[in-house]
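Working notes for the structure below.
For clarity, every value in this text was computed on a predicted model and none was experimentally measured.
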Amino acid sequence: MQSVGGQLLAVYSENPAGQSEERSDGSSSGAGAGPDKIALEGVVVQRAECRPSVSESYMKLKRIQIEESSKPTRLSQQLDKAVTSNYKPVSNHAYNLEYDRKKKEEGKRARGDKQQVLDMLFSAFEKHQFYNIKDLVDITKQPVSFLKEILRDIGNYNVKGTHKNTWELKPEYRHYHADEKTDE
């Protein structure tokens, strides 16, 4: 034990908002719903330093701690026989074969009549206002380049916003009916 020696040291406690602290004298300090409460608990008059007694049990404890900390976290081990439960390499996976078969059945997408494609696009845009190019390709069964060529004439491409990377009809085509004129 030694005196503090010219320093003014204090002990503070902090309570988060909304919690109360129970003191040893039985009273409680309610913190309320405001900001954190900081309270002065006391002033330090003496300082104590603790040193372990150098005994056989303490040295044994420290030796165990040092050995535990120096052990590697991962160990390599030699196997007697090869592990056979792993997956073997496959030249082509089943889902790739399925995709190739489906693509061959569809064949190359051929350009259809422009008016028929326009009709398909207008009927699609009657159902929904915004479409991405992939969905429009699935609906019309047309090549992407041909579809984009038509969409540039009748639609606007959204680059940003909530409908990013989607197409919508230009305002003059929004309320399309069969008797209105179309762009050819």
(request) Say whether, by atom type as modelled, one donor and one acceptor occur between the side chain of Q142 and the main chain of G112 under 3.5 angstrom. (result) yes

(message) Under the salt bridge (Lys or Arg N to Asp or Glu O under 4.0 Å) definition, can you give me all pairs with a residue in residues 133-145, not counting sequence neighbours?
(response) none

(request) Share the residues that join I38 in a hydrophobic cluster, the rule being Ile, Leu, Val, Met, Phe, Trp or Tyr side chains under 4.5 Å apart at the heavy-atom level. (result) Y12, L40

(request) Spell out, yes or no, whether V144 and L118 are grouped together once hydrophobic residues are joined by side-chain heavy atoms under 4.5 Å, including indirect joins. (result) yes

(message) So, taking the atom named CG in D100 and the one named OH in Y95, what distance separates them when rounded to the nearest 0.5 Å?
(response) 11.5 Å

(request) For atom CG of L97, decide whether the heavy atoms of other residues, nucleotides or ligands shown that lie under 6.0 angstrom number more than 12. (result) yes

(message) As an exercise, state the distance from NZ of K164 to OH of Y157, rounded to the nearest 0.5 Å.
(response) 9.0 Å

(request) Look only at the side chain of Y58 and the backbone of P52, and say whether a donor-acceptor pair between them is shorter than 3.5 Å. (result) no

(message) Parallel, tilted or perpendicular, judged at 30° and 60°: which one describes the rings of F122 and Y173?
(response) tilted

(request) Please list, chain by chain and in numerical order, all residues satisfying salt bridge (charged side-chain N to carboxylate O under 4.0 Å, His left out) with R152, sequence neighbours excluded. (result) none

(message) Is the shortest side-chain heavy-atom distance between K127 and I139 below 4.5 Å?
(response) no

(message) Ignoring hydrogens, what is the shortest heavy-atom contact between N156 and P171? Give both atom names and the distance.
(response) ND2-CD, 4.0 Å

(request) Is it possible for you to say whether F146 and F125 belong to one hydrophobic cluster, with membership spreading through side-chain heavy-atom contacts below 4.5 Å? (result) yes

(message) Would you compute the distance between atom CG of N158 and atom CD of E168 and round it to the nearest 0.5 angstrom?
(response) 4.5 Å

(message) Show the nearest heavy-atom pair for residues G155 and K170, with the distance to one decimal.
(response) O-CE, 3.6 Å

(request) List in chain and number order the residues that pass salt bridge (charged side-chain N to carboxylate O under 4.0 Å, His left out) with K160, two or more places apart in sequence or in another chain; answer none if no residue qualifies. (result) none

(message) When you measure from the side chain of R111 to the backbone of P143, do you find a donor-acceptor pair of N or O atoms at a distance under 3.5 Å?
(response) no

(message) Under the salt bridge (Lys or Arg N to Asp or Glu O under 4.0 Å) definition, can you give me all pairs with a residue in residues 43-64, not counting sequence neighbours?
(response) R47-E49, E49-R51

(request) Please determine which of T166, V117, L121 meets the side-chain contact (heavy atoms from CB on, under 4.5 Å) test together with L136. (result) L121

(message) For R101, give me all partners under salt bridge (charged side-chain N to carboxylate O under 4.0 Å, His left out), at least two apart in sequence or on another chain.
(response) E98, E105

(request) State the CE-OG1 distance between M120 and T140, to the nearest 0.5 angstrom. (result) 5.5 Å

(message) Rounded to the nearest 0.5 Å, what separates atom NZ in K37 from atom CG in N15?
(response) 9.5 Å

(message) I'd like to know if V54 and I66 are part of one continuous hydrophobic network [Ile/Leu/Val/Met/Phe/Trp/Tyr, side-chain heavy atoms within less than 4.5 Å].
(response) no

(request) Mind checking the CG-CH2 spacing from L169 to W167? Nearest 0.5 Å is all I need. (result) 11.0 Å

(request) Consider only side-chain heavy atoms of I, L, V, M, F, W and Y, link residues closer than 4.5 Å, and tell whether V159 and F130 are in one cluster. (result) no

